[in-house]
Amino acid sequence: MSILYITDQGAMITKLDGRVVVRKGKEILEDLPARDVERVVIFGNAHITTPAMRFFLDQGIDVSLLSSHGRYQGRLQPEFCKDAELRRMQYQQSCNEKMCLAISKSIVSGKLKNMETLLKRQKGQTHQIVQALHTMKRALVDLCNATNLDAVRGYEGSCAAMYYKAFSSILPEGFCFETRSRQPPADKTNVLLSLGYTLLYNTFYAMVNIVGLDPYQGFFHQTHHGHAALASDLMEEFRSIIVDSVVLLVVNKGEITRRDFSEKGGRILLGEDGLKKYLSRYETRIRSEIIHPTQKIKLSYYQCIEAQVRRLVRVISGREKTYVPFLSLY
């Protein structure tokens, strides 16, 4: 199974004789068995024939639509899971302040510990890394005693700010940045981070739908119109493990350089070649296998994501008492 990324502008996605074929003019860009397509992510202007669209819907294949530079725009979404009882329990538990606090503390604890792991693995322990590790160590202790969501969000926000300063300190010249910025990203590294987080958000959105939960009803992030709060909740533990690791790799190894970017209308944009290199590394990372920290079996990160979403289902349905975050050992 694979995720089909379409980056060529003007490409046409068709289904023919049990295969999904992507063409641009007379050139065939992709040709693979339809049964092997897991999800489709389209960047910019591509076209889907009606037979292909119906196939994706019939098979429950999520199709995400992004701008040519990675900004999320919408999706072609298959039918919702029919497990209304699970969603009823989700809505009920999301109104339980004690449950929301417990799940949020676990999510933030997992996020901070995984950020710690990434920083500790760096060869050069810069002053910024030392400061960030100290802040996170103290926050993890304070987090245990947090009595409300505002306090939890405060610890998460302050640690994230210190983490990104440390993250910047291990990047090469031309990729350092002052702070994490969005909509639009203010610099090249923030462009890469935002792109990766968009891909990860879409992965969790699709997985949450598959297991039968409502992606818009979360526990940690505040619910507001158009934001899939639960997808954002669950991706927190995986940001540094997947996206930040990919950004460090492509930038520090020189696979993506300043020449891969351009500026247009005051916005910094990643070019098509850079995008393809980034997507290749992202896909390699999310498909790489590790020994799951609690199940003790070999799983890809993508399978770990599914396992984590299903773990939340067991908590919501009362089959497990506490939500245990995913902790990276690598």
Side-chain angles (χ1 to χ4, degrees), residues 1-79 184-185 191-207 209-210 215 228 231 235 242-243 246-247 250 255-256 260-262 264 267-287 300-302 305:
M1 301 291 282
S2 61
I3 299 176
L4 180 60
Y5 294 101
I6 310 297
T7 60
D8 291 82
Q9 303 305 289
M12 176 70 75
I13 307 166
T14 63
K15 180 178 179 291
L16 181 64
D17 296 331
R19 304 186 69 82
V20 172
V21 180
V22 183
R23 292 186 174 89
K24 185 173 182 180
K26 295 182 179 180
E27 181 184 2
I28 295 178
L29 304 176
E30 298 281 354
D31 184 349
L32 65 163
R35 65 177 181 274
D36 290 346
V37 178
E38 187 172 19
R39 289 173 52 226
V40 180
V41 181
I42 298 173
F43 289 81
N45 298 316
H47 310 281
I48 310 177
T49 64
T50 301
M53 191 180 304
R54 285 177 176 156
F55 170 76
F56 294 145
L57 290 172
D58 288 343
Q59 298 301 310
I61 297 171
D62 186 270
V63 180
S64 301
L65 305 174
L66 282 65
S67 73
S68 58
H69 300 289
R71 182 172 59 84
Y72 175 73
Q73 294 179 314
R75 66 197 326 111
L76 176 66
Q77 181 171 286
E79 188 177 26
V191 167
L192 297 176
L193 289 171
S194 290
L195 172 59
Y197 295 152
T198 297
L199 296 172
L200 190 60
Y201 170 89
N202 275 284
T203 298
F204 272 97
Y205 185 105
M207 191 62 68
N209 263 329
I210 288 171
M235 70 179 273
I242 296 175
V243 178
V246 169
V247 172
V250 298
E255 294 179 7
I256 292 180
D260 288 302
F261 296 85
S262 62
K264 182 178 180 181
R267 296 188 61 183
I268 298 174
L269 306 173
L270 178 63
E272 188 171 326
D273 288 344
L275 176 60
K276 289 180 177 179
K277 288 183 282 188
Y278 186 95
L279 292 176
S280 176
R281 278 298 187 182
Y282 178 88
E283 187 67 9
T284 298
R285 179 64 175 174
I286 205 167
R287 297 292 176 182
S300 68
Y301 279 116
Y302 188 80
I305 287 172

Which value, rounded to the nearest 0.5 Å, describes the distance between [X] atom [atom1] and [Y] atom [atom2]?
X	Y	atom1	atom2	answer
Ile42	Ile6	CD1	CD1	6.5 Å
Ile286	Ile305	CD1	CD1	4.0 Å
Leu192	Ile268	CG	CD1	10.5 Å
Phe43	Leu65	CZ	CG	11.0 Å
Thr284	Leu279	OG1	CG	10.5 Å
Leu195	Leu200	CG	CG	11.0 Å

Can you sort out the partners of [X] under salt bridge (Lys or Arg N to Asp or Glu O under 4.0 Å), two or more places apart, ordered by chain and number?
X	answer
Lys276	Asp8, Glu272
Arg281	Glu255
Arg75	Asp62

If the condition is side chain to side chain donor-acceptor pair (under 3.5 Å), which residues does [X] pass it with, not counting sequence neighbours?
X	result
Tyr302	Glu38
Lys24	none
Ser194	Arg180

Requested in this report: Show the numbers, then the answer: is there a side chain to side chain contact (heavy atoms under 4.5 Å, CB included) between Tyr278 and Leu199?
Outcome: CA-CA 11 Å; Tyr278 186 95; Leu199 296 172; 4.3 Å; yes
If you look only at distance, which donor and acceptor atoms sit under 3.5 Å apart when one is on a side chain in residues 16-23 and the other is two or more places apart or in another chain?
residue, atom, partner, partner atom, Å
Arg19, NE, Asp31, OD1, 2.6
Arg19, NH2, Asp31, O, 3.3
Arg19, NH2, Asp31, OD1, 3.4

**Report entry** Contact list for residues 39-61, test salt bridge (charged side-chain N to carboxylate O under 4.0 Å, His left out), sequence neighbours left out
**Finding:**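 As it turns out, there is no salt bridge (charged side-chain N to carboxylate O under 4.0 Å, His left out) pair with a partner in residues 39-61 once direct neighbours are skipped.
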**Report entry** Donor-acceptor under 3.5 Å (Tyr201 side chain, Ala228 main chain)
**Finding:**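 Answer holds: yes.
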Query raised in the report: Are the side chain of Gln59 and the backbone of Leu57 linked by a donor-acceptor contact shorter than 3.5 Å?
Result: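 Checking the backbone N and O of Leu57 against the side chain of Gln59, no donor-acceptor pair under 3.5 Å is found.
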Query raised in the report: Which pair of heavy atoms, one from Gln9 and one from Thr7, lies closest together, and at what distance?
Result: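 Closest pair (atom of Gln9, atom of Thr7, distance): NE2-O, 3.0 Å.
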Query raised in the report: Between Ile48 and Ala52, which heavy-atom pair has the shortest distance, and what is it?
Result: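 Smallest interatomic distance, heavy atoms only, reads CG2-CB, 3.8 Å.
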Is there a side-chain contact between [X] and [Y], using heavy atoms and a 4.5 Å cut-off?
X	Y	result
Leu32	Leu4	yes
Glu283	Ile3	yes
Met53	Val63	no

Requested in this report: Check step by step if side chain to side chain contact (heavy atoms under 4.5 Å, CB included) holds for Asn202 and Leu66.
Outcome: CA-CA 10 Å; Asn202 275 284; Leu66 282 65; 4.3 Å; yes
Query raised in the report: Which residues pass the ring-ring contact (aromatic ring centres under 6.0 Å, His included) test with Phe56, sequence neighbours left out?
Result: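 In terms of ring-ring contact (aromatic ring centres under 6.0 Å, His included), with neighbours along the sequence ignored, Phe56 is linked to no residue.
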Report task. Run the numbers on Thr49 and Lys15 for side chain to side chain contact (heavy atoms under 4.5 Å, CB included), then give the verdict. Result -> CA-CA 8 Å; Thr49 64; Lys15 180 178 179 291; 5.6 Å; no
Requested in this report: Name all residues meeting the side-chain contact (heavy atoms from CB on, under 4.5 Å) criterion together with Gln73; count only those two or more places apart in sequence or in a different chain, and write none if there are none.
Outcome: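 Ser67, Arg71.
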Report task. Only counting residues at least two apart or in another chain, list the ones meeting side-chain contact (heavy atoms from CB on, under 4.5 Å) with Ser262. Result ->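 With sequence neighbours excluded, Ser262 shows a side-chain contact (heavy atoms from CB on, under 4.5 Å) to Leu269, given in chain and number order.
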